[in-house]
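First the structure, in the form of structure tokens, and then the observations on it.
Only a predicted model underlies this, so the values are computations on that prediction, with no experimental measurement involved. Just follow the structure's listing: the first ligand is 1, and inside any ligand the first atom is 1. The chain is numbered in sequence order, starting from 1.
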Amino acid sequence: MDVRVGVIGGGQLARMMIPAAVELGIDIAVLGEADDVSARQAVTQVGDYRDLDTVLAFAATVDVVTFDHEHVPQPLLRELEARGVAVRPGADALLYAQDKLLMRERLTALGLPVPDWQRVTTAEQIDRFVADHGGRAVLKTPRGGYDGKGVRIVHGSADAQDWFDDFDALLIEEAVDFTRELAQLVARNPSGETVLWPVVETVQQNGVCAEVIAPAPRSAGRVSDVAAEIALAVAGGLGVTGVLAVELFETADGRVLVNELAMRPHNSGHWTIDGSTTSQFEQHLRAVLDLPLGLTGSRDAWSVMVNILGGPQDGTLPDRYPAAFAAQPGVKFHSYGKTPRPGRKVGHVTAGGDDLDDVAYRARAAAAQFD
Ligand code: ADP
């Protein structure tokens, strides 16, 4: 196909779009933050995604612009659209992935289930909300958070003062006593076609996704129906194009609540590269180009994805792979070509099969080769 997709941001999500583009016969170009980013193989321009001239020059070389992250400022996105650039997802949709307060407002207006929440601008409002919710609540910065940064358990306004220096308004919400976290991935193209993957369970450590189990155990029936219904309502209601991940909480009393939205391929969908007929990266490319979407049936009864977090800090990460391949020949390894730092996502592994305990054991054992 004679089309070129431009990805703003050169992280691992852009990197994992590259093989999908090659397979589909689509040209892919990346605007990277540096020339040694994770997606360096496809970097055609290095520059600042917050600079209009830089992004305009990049956009002029591609047919469609999409993203590795959600940090491109709204005014810049709107300027691109005003100049006729195909931006997918568009600024109107991305707004709700960029600002958690606007996201909570919009989901509430759509009648979707969210934790009890409030926009707070004063210390008194925080203290009142905390008192009304059993003495603790979760406080979030509306913008700029990722991997648990910008999220804090608070017991009163004293825990919040520094954030008011940077933000006029904060999001406070009930501390949900969830039994587990789920994620529902959906893709939507501009023609309105949508496809869902099975709902998955995500396991976080210190606010960072550590492991994903697909499908989520014990989700057949009501939980998967509710998750699917929510994700389709968000994708259609917000006019999302591309892949959308809806992060969910499941509670002991059977509630399924929306936590977060991500409008791009997402860590909860990395398992689809090896475990699904169509990976989230291929689907994202199809969707942003308004191509027909691919089927999303699973290749295995169970897939387990484990992130390689941090990796060895002694410079031996690249050297660990051969032994890991030998130890787990049935596991699929994905390296992000990144320098290890504590807690940093430097790769992931995926195992698949019929027996969940065996699949999880093999995936964890493979990831442990990089401890
Ligand atoms: P980020 O944008 O940094 O990923 P999230 O809003 O997804 O931040 O929150 C990160 C993690 O914090 C969640 O995965 C969840 O474990 C926990 N968390 C967030 N909101 C709540 C809440 N209202 N109640 C309980 N835990 C929460």
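- Side-chain N or O atoms of Gln98 include one that pairs as donor or acceptor with a backbone N or O of Val72 at under 3.5 Å.
- Close contacts between ligand 1 and Lys149 involve ligand atoms 3 (O) [criterion: under 4.0 Å to a heavy atom].
- Only side-chain heavy atoms of Val151 come within less than 4.0 Å of ligand 1; its backbone N, CA, C and O stay farther off.
- If you check each of Glu181, Glu173, Glu70 against atom 13 (C) of ligand 1, the one with the closest non-hydrogen atom is Glu181.
- With sequence neighbours excluded, the residues that form a side-chain contact (heavy atoms from CB on, under 4.5 Å) with Ser224 are Val199.
- Using a cut-off of 4.0 Å between Lys/Arg side-chain N and Asp/Glu carboxylate O, Arg143 and Asp99 are scored as salt-bridged.
- Of the charged side-chain nitrogens involved, none lies within less than 4.0 Å of a carboxylate oxygen, so that Asp132 and Arg128 do not count as a salt-bridged pair.
- A salt bridge is defined here as a Lys NZ or Arg NE, NH1 or NH2 lying under 4.0 Å from an Asp or Glu carboxylate O, and Arg104 with Asp116 fails to meet this definition.
- A heavy-atom separation below 4.0 Å is found between Phe249 and ligand 1.
- Interface of Ala175 with ligand 1, defined as ligand atoms under 4.0 Å from a residue heavy atom, comprises 24 (N).
- For ligand 1, the atoms lying closer than 4.0 Å to a non-hydrogen atom of Glu247 are 7 (O).
- Between Gln204 and ligand 1, no N or O atom pair is found at a separation short of 3.5 Å.
- Of the candidates Lys140, Arg152, Lys100, the one placing a heavy atom closest to atom 19 (C) of ligand 1 is Lys140.
- Assignment of Gly207 to the shell around ligand 1 is not supported, since no heavy atom sits closer than 4.0 Å.
- Within ligand 1, the atoms closer than 4.0 Å to a non-hydrogen atom of Glu174 are 22 (C), 23 (N), 24 (N), numbered from 1 in the order shown.
- Judged by distance alone, with hydrogens and angles left aside, the side-chain atoms of Gln125 form a donor-acceptor pair with the main-chain N or O of Thr122 at under 3.5 Å.
- To the nearest 0.5 Å, atoms OG1 (Thr44) and CZ (Arg4) are separated by 5.5 Å.
- Inspection of the Ser276 and Trp197 side chains reveals an N or O donor paired with an N or O acceptor under 3.5 Å.
- The Phe178 neighbourhood of ligand 1 comprises atoms 16 (O), 25 (C), 26 (N), with distances under 4.0 Å to a heavy atom of that residue.
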